[in-house]
Number of protein chains: 2
Amino acid sequence: MSPLNETAKLSRRAEVRRAQILDAAAICFVEQGFHGAGMARIAEQAGMSAGHIYHYFENKDAIIEALVDRESELHSEKMLGFHAIPRDQLLQELVERADEGVRTQTDPFQSALNLEIIAEAQRNPLIAEKLRANDTETRLAFQKLLGETLGLSDVEGRVELMFTLFGGLPIRILRNPDLDREALLRYLRKVIRAVLAD
Amino acid sequence: MSPLNETAKLSRRAEVRRAQILDAAAICFVEQGFHGAGMARIAEQAGMSAGHIYHYFENKDAIIEALVDRESELHSEKMLGFHAIPRDQLLQELVERADEGVRTQTDPFQSALNLEIIAEAQRNPLIAEKLRANDTETRLAFQKLLGETLGLSDVEGRVELMFTLFGGLPIRILRNPDLDREALLRYLRKVIRAVLAD
DNA sequence: AATGTTAGAATGAACGTTCGAAATAATACT
DNA sequence: AGTATTATTTCGAACGTTCATTCTAACATT
């Protein structure tokens with residue numbers, strides 16, 4: 001075995017463990033909140049002792065930081081995926097994918113985790129910075145998409161409106177769990193067309 | 001002094017004290033979150049001892065409950081205010097008052113407090129119920145407004161979209177503190193017209 | 001004097017974190 | 001190959017701190 005192989009194996013092992021902890025932490029944070037979830041509870045969910053978590057994360061804060069990084073990456077990937085769509089199908093695709101966005105953003109687990117991260121960002125400057133960096137990245141990418149591919153002007157306002165709308169869905173589903181997604185979608189599609197039309 | 005007068009005076013006194021505590025708690029919750037803010041810190045901000053707060057509130061949970069009640073009432077009043085507008089001015093008014101809504105919902109203190117309440121609602125069923133009751137009340141009132149005053153059909157979807165949009169602003173301002181409110185407003189007004197048109 | 005009001009120390013529970021030892025895996029040596 | 005040695009992983013008990021809450025006694029007001 002080459003040293004490279006060994007290190008890679010060890011790293012992979014550690015990565016699996018880290019992912020295990022992050023999965024457990026996500027569940028606990030959703031159920032009890034970041035401050036409500038104790039390390040003991042997270043450890044139990046991850047199937048290891050509390051003390052052992054500290055071999056993979058410096059402290060509790062580091063766990064939520066890693067969790068935010070992981071979520072940010074997923075979010076970025078989704079957003080950057082739009083760039084692969086040919087320009088003559090883009091508007092149509094955006095309208096049609098609206099319901100996928102609604103489904104994701106109103107998913108009980110995902111929306112709860114999003115809100116938990118948002119709440120933490122309010123008093124943890126590092127988390128806030130991570131969210132803002134991710135927002136800037138995806139916002140500029142979407143602006144570029146609307147400007148270059150669809151040839152729109154005044155892209156800042158259009159993107160802010162779309163981001164406000166989809167970003168607001170987790171709160172919406174919390175305030176009205178019986179939300180009629182289809183009724184909302186009818187007007188959401190109308191809004192997308194109105195905002196992304198010249 | 002009549003007993004009535006005495007009781008009224010005492011009640012008023014107690015009400016002032018309660019309001020003092022709620023004001024202090026709101027500040028602390030915004031700064032450190034519900035779980036991060038200690039009773040000692042709240043007491044200091046309110047200008048009294050920690051133990052004394054328990055003469056006005058049974059426990060810490062009761063404070064946030066009262067705070068949510070107070071915010072809900074303010075929210076309801078604002079929403080119900082639209083009913084006083086004559087029908088031929090309503091659409092115009094709604095479009096024009098959009099910037100007032102944006103200002104309120106993106107105000108640093110107010111939006112932070114809103115998000116704090118949202119976060120607490122995620123794991124405190126009583127708070128969640130209060131938010132949902134308030135949402136149902138204001139949602140139905142707004143649906144009635146659109147249906148009866150503007151004569152619109154399919155009001156559920158229209159209202160859900162508008163509520164998602166304004167409700168999403170606190171998250172938006174957190175993710176992008178440099179949000180260009182004017183740019184957003186240009187499209188927000190467009191959306192209001194598109195959603196509230198027949 | 002009596003009743004209502006306040007302060008702040010005391011209490012007990014919960015939590016994040018540390019630590020030393022036990023178990024397990026990996027490596028070296030005969 | 002089989003044993004000895006070293007390294008790594010894992011555990012769970014112990015520590016120190018923090019925090020909500022209670023309690024007792026002092027203070028003010030009527």
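Per chain, numbering begins at 1; letters A, B, ... match sequence-line order.
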One should read off an interatomic distance between K60(B) NZ and I53(B) CD1, to the nearest 0.5 angstrom, of 10.0 Å
Atom CD1 of I118(B) and atom CG of L174(A): how far apart are they, to the nearest 0.5 Å?
5.0 Å
Considering only side-chain heavy atoms of S49(B), which listed nucleotide, dT17(C), dT6(C), dA7(C), is closest?
dA7(C)
Check the orientation of F82(B) and F142(B). Use parallel for under 30°, tilted for 30 to 60°, and perpendicular for over 60°.
perpendicular
What's the closest nucleotide to the side chain of Y56(A) if the choices are dT18(C), dT10(D), dT21(D)?
dT10(D)
Applying a 4.0 Å non-hydrogen cut-off, can you work out what F57(B) is touching in the nucleic acid: base, sugar-phosphate, or nothing?
nothing
Would you say a side-chain N or O of R17(A) is under 4.0 Å from OP1 or OP2 of dT9(D)?
no
Picking from dC11(D), dT17(C), dA20(D), the nucleotide nearest the side-chain atoms of H55(A) would be dC11(D)
Under 4.0 Å between any heavy atoms, over every strand shown, what does G38(A) touch: base, sugar-phosphate, or nothing? Just pick one.
sugar-phosphate
From C-beta outward on K60(B), which listed nucleotide comes closest to its side chain: dC11(D), dT17(C), dA20(D)?
dA20(D)
Taking all heavy atoms of Y56(A) and all of R18(A), pick out the closest pair and write down the distance.
O-NH1, 3.0 Å
Which nucleotide, dT10(D), dA7(C), dT6(C), lies nearest any side-chain atom of H52(B)?
dT6(C)
